[in-house]
Protein chains: 4
Amino acid sequence: MNREEKKRATRQKIIDCALELFAENGYEATTVHQITERAGVAKGTFFNYFENKEEVLCDLQLFIATEEISKLQYKQGPIIPLMRELLMEMLRHLPFNRSLILASFQCTLSNKKLLESATVKFEEFKQVLIPVIAAAQARGEISSVMPAEMIADLAVQNYQGALIYWGMGLGEDKLSNQVTLSFELFFKGLAP
Amino acid sequence: MNREEKKRATRQKIIDCALELFAENGYEATTVHQITERAGVAKGTFFNYFENKEEVLCDLQLFIATEEISKLQYKQGPIIPLMRELLMEMLRHLPFNRSLILASFQCTLSNKKLLESATVKFEEFKQVLIPVIAAAQARGEISSVMPAEMIADLAVQNYQGALIYWGMGLGEDKLSNQVTLSFELFFKGLAP
Amino acid sequence: MNREEKKRATRQKIIDCALELFAENGYEATTVHQITERAGVAKGTFFNYFENKEEVLCDLQLFIATEEISKLQYKQGPIIPLMRELLMEMLRHLPFNRSLILASFQCTLSNKKLLESATVKFEEFKQVLIPVIAAAQARGEISSVMPAEMIADLAVQNYQGALIYWGMGLGEDKLSNQVTLSFELFFKGLAP
Amino acid sequence: MNREEKKRATRQKIIDCALELFAENGYEATTVHQITERAGVAKGTFFNYFENKEEVLCDLQLFIATEEISKLQYKQGPIIPLMRELLMEMLRHLPFNRSLILASFQCTLSNKKLLESATVKFEEFKQVLIPVIAAAQARGEISSVMPAEMIADLAVQNYQGALIYWGMGLGEDKLSNQVTLSFELFFKGLAP
DNA sequence: GATGAATGAGGCTTCATTCAT
DNA sequence: CATGAATGAAGCCTCATTCAT
């Protein structure tokens, strides 16, 4: 392992331990000392990699894989399989651990910058969905009683709701099942 | 205003200011000093009413009106109007303010006791819903392709999802609209 | 019980409870709130009887009964029975409780005024003893190899040593035995 | 001075200043701020070395040098010179300062853990003395009218009494004289 | 005289961050 | 780059004391 690799490994170790601890005790209740202790590095090392405690949050994988979403707009075909595929893709980027999901939300809510960025991401997600939904409505695949924007809103809300609900320890055993079920019902409601 | 009334007023003033500040800056970032300053009382007064900072949280109105829910099980009639009525009733107990809603979630997620109690409340909510849903399925009002328990899960998730989504500043202007729309689609998906 | 008696009773109740608590937790660690709670009165009542917390200490029976001591100088006869009598008299004014004895010392040591006053009392005690001892030496009752002042010092130290040693839970079961034994040996050492 | 030495120096500086201040104002009346100020370090530094304020007390040299005492049991010869030697050895470990001695007692009495540990030490001291005394009695060096255990009790009490009496500003100018005189009389009383 | 809510100074302790080694 | 001792601002909380009822 050369120098560059070692650095990346240290950085990742810190991030992982930080998120673990955030999941256990929450962001504010977690101290830099705890993080470095668990990561097996000195306290000063933390600040070699991050300007300050808050900055670790920026490396947190949020619940939205922006890249996957942006690919959606170039895809063709019926909306329901498309959405299923997208959801599965997004889930692949999420931790399969309730506490970690919940910790992500907790961090997001307790940090203005993170909250802002999450809101923006949700909004972007919605903006990508709108034309896809509108097209599906035009093709008659889904009902047109609601405007596409409203449907997009409800879709994003549904996604987020499933995550947080599951993160709290409720619902299905596997997150993917929880999300799948939610959208199954969602699309049934949208039947033309 | 007699002594007893004054006490209650002081206590309520503290709670109100606390929630306000939690909404503005988050729970952890809010100091007891800020709370008492805004409430116009001395710092020590706070601790005459609450054992410690954490304890104000227990007096926070959460997003679930347990009483309203428990009444549901004694009611009769078709499920959809019943649920609509229940939702409206619950919304009446919520703050009509996005930050306050979000602050409630933030507090809940950043506090183990509160999280536990919220989870329990959601679970109770679900348990009350299950027989109501099962009865509606038996009467053929809603689809039976999903077991009642699963539907109850999704209903609670839907409710919570709408709150947090709206709290983040997304969706409809009015919370009641956001919740109503969510459940409109939800029930459409459940059509037999 | 008339008004005056009631007042005295309340005052005494407060003092008793205070000393009890001092014995349990020490002077500093005991709060006025604890005292009034145990005494069954309101916090304000405490300050109707005492200017401040420190003042309760002034009512503490210290380990030296000044009156008894001052009587000594007018008494006649051989020193040993005289001293025995004095000791017994002084013990009669002490609490028969190790913690209480220890608490008295603790209070004395943790309070400058009290420490000063205790030192003064010991000094007075010594001053009363000196002529009595000198006279006994003159009568040949006790050895003259040590000056009377030195003997007086050792006597007072012996008395105090027995109290604190016993207060710490060591030595004889009964305080009077501990003191008696100490002085038995003390006088043996003084045999001419 | 390397890093490790510096650490030890800082720690010792804190302890020394703490004891100084305890002697001046008592344990409770001394604040961590005062200690660190006098030691010339930041307030936080104190807590790098001690978990909390109470913990400095554990590093305080108490009035009993346990090691010296335990050596006693392996020594031979007449008891009186042996005891003199032991006393001198123990005094060598004590501060030659009345306030410091008194502060030690004050701390001991105001802290349950410390009190417990002091009591245990006195008890150990006694247990070491008992066989030595019994042997001296068997050899006819000292009187057998009192059981060895009782004599040991009185010896320890005598030692402690001398310390506290001197600490209060009474008795001889030098502590060693006060202790020596006490034990001179003590052993005279024990003459066979 | 009794009450106990209100006060606020001041203590202990935490912890992100710096920096010399 | 790693280390961890040092920093000090800032928070929580305690508690003696006051005073209106």
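Order of the sequence lines fixes the chain letters, A, B, ..., with proteins taken first and strands second; residue numbering starts at 1 for each chain. Everything numeric here is computed off the predicted structure, so don't read it as measured data.
- We find that CZ of B/Phe50 is positioned 15 Å from P of F/dT14, with the value rounded to whole Å.
- A/Lys13 places its NZ atom 15 Å from the P atom of F/dA2, with the value rounded to the nearest Å.
- OP1 or OP2 of E/dA6 lies within a sub-4.0 Å distance of a side-chain N or O belonging to B/Thr10.
- A distance-only check finds no donor-acceptor pair linking the side chain of A/Lys113 to the backbone of A/Thr108 [under 3.5 Å].
- Here A/Thr30 lies in heavy-atom contact (under 4.0 Å) with sugar-phosphate atoms only.
- Base contact: C/Thr45 has a heavy atom under 4.0 Å from a base atom.
- Side chain of B/Gln106 to backbone of B/Leu102: no donor-acceptor contact under 3.5 angstrom is found.
- Although no hydrogens or angles enter the test, the distance criterion places no donor-acceptor pair under 3.5 Å between the side chain of A/Lys121 and the main chain of A/Glu116.
- The OH atom of D/Tyr27 sits 12 Å away from the C1' atom of E/dG11 (whole-angstrom rounding).
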Donor-acceptor contacts, no H, no angles, side chain residues 18-25 of chain D, under 3.5 Å, sequence neighbours left out:
{"from": "D/Glu20", "atom 1": "OE1", "to": "D/Arg38", "atom 2": "NH1", "distance (Å)": "2.7"}
{"from": "D/Glu24", "atom 1": "OE1", "to": "D/Arg38", "atom 2": "NH2", "distance (Å)": "3.1"}
{"from": "D/Glu24", "atom 1": "OE2", "to": "D/Arg38", "atom 2": "NH1", "distance (Å)": "2.9"}
{"from": "D/Glu24", "atom 1": "OE2", "to": "D/Arg38", "atom 2": "NH2", "distance (Å)": "3.4"}

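- Nearest nucleotide to the side chain of B/Ala42, out of E/dT3, E/dG8, F/dT7: E/dG8.
- In this structure, the NE2 atom of A/His33 is 17 Å from the P atom of E/dT13, given to the nearest Å.
- The side-chain tip of D/Lys53 points at the ring of D/Tyr27 from less than 6.0 angstrom away and within 45° of straight on.
- Summarising the geometry, the separation between CD1 on B/Ile35 and P on E/dA6 is reported as 16 Å, rounded to the nearest angstrom.
- Checking side-chain atoms of D/Glu5 against main-chain N and O of D/Asn2 turns up a donor-acceptor pair under 3.5 Å.
- Distance CD (B/Glu37) to P (E/dT7): 13 Å, rounded to an integer number of Å.
- Looking at which nucleotide of DNA chain F each of D/Gly40 and B/Lys6 is closest to, the 5′-most match is held by D/Gly40.
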* Paired and unpaired positions of DNA chain F as dot-bracket, Watson-Crick or G-U wobble under 3.5 Å, | denoting a partner strand -> .||||||||||||||||||||
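- Here A/Tyr49 lies in heavy-atom contact (under 4.0 Å) with sugar-phosphate atoms only.
- Using modelled atom types, one side-chain atom of A/Thr10 and one backbone atom of A/Lys6 make a donor-acceptor pair closer than 3.5 Å.
- The backbone N or O of C/Arg8 lies less than 3.5 Å from no partner atom in the side chain of C/Gln12, so there is not a single donor-acceptor pair.
- Looking only at distances, a side-chain donor or acceptor of D/Gln34 sits under 3.5 Å from a matching main-chain atom of D/Thr31.
- Taking atom CD of residue C/Glu28 and atom C1' of nucleotide E/dG10, one finds them 14 Å apart after rounding to whole Å.
- If you measure from atom CD of B/Gln34 to atom P of F/dA10, you get 12 Å, rounded to the nearest angstrom.
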Extract from the structure each pairing of a protein N or O with an N or O of nucleotides 17-19 of chain F at less than 3.5 Å, listing the distance.
{"from": "F/dT17", "atom 1": "OP2", "to": "C/Lys53", "atom 2": "N", "distance (Å)": "2.9"}
{"from": "F/dT17", "atom 1": "O4", "to": "C/Lys43", "atom 2": "NZ", "distance (Å)": "3.2"}

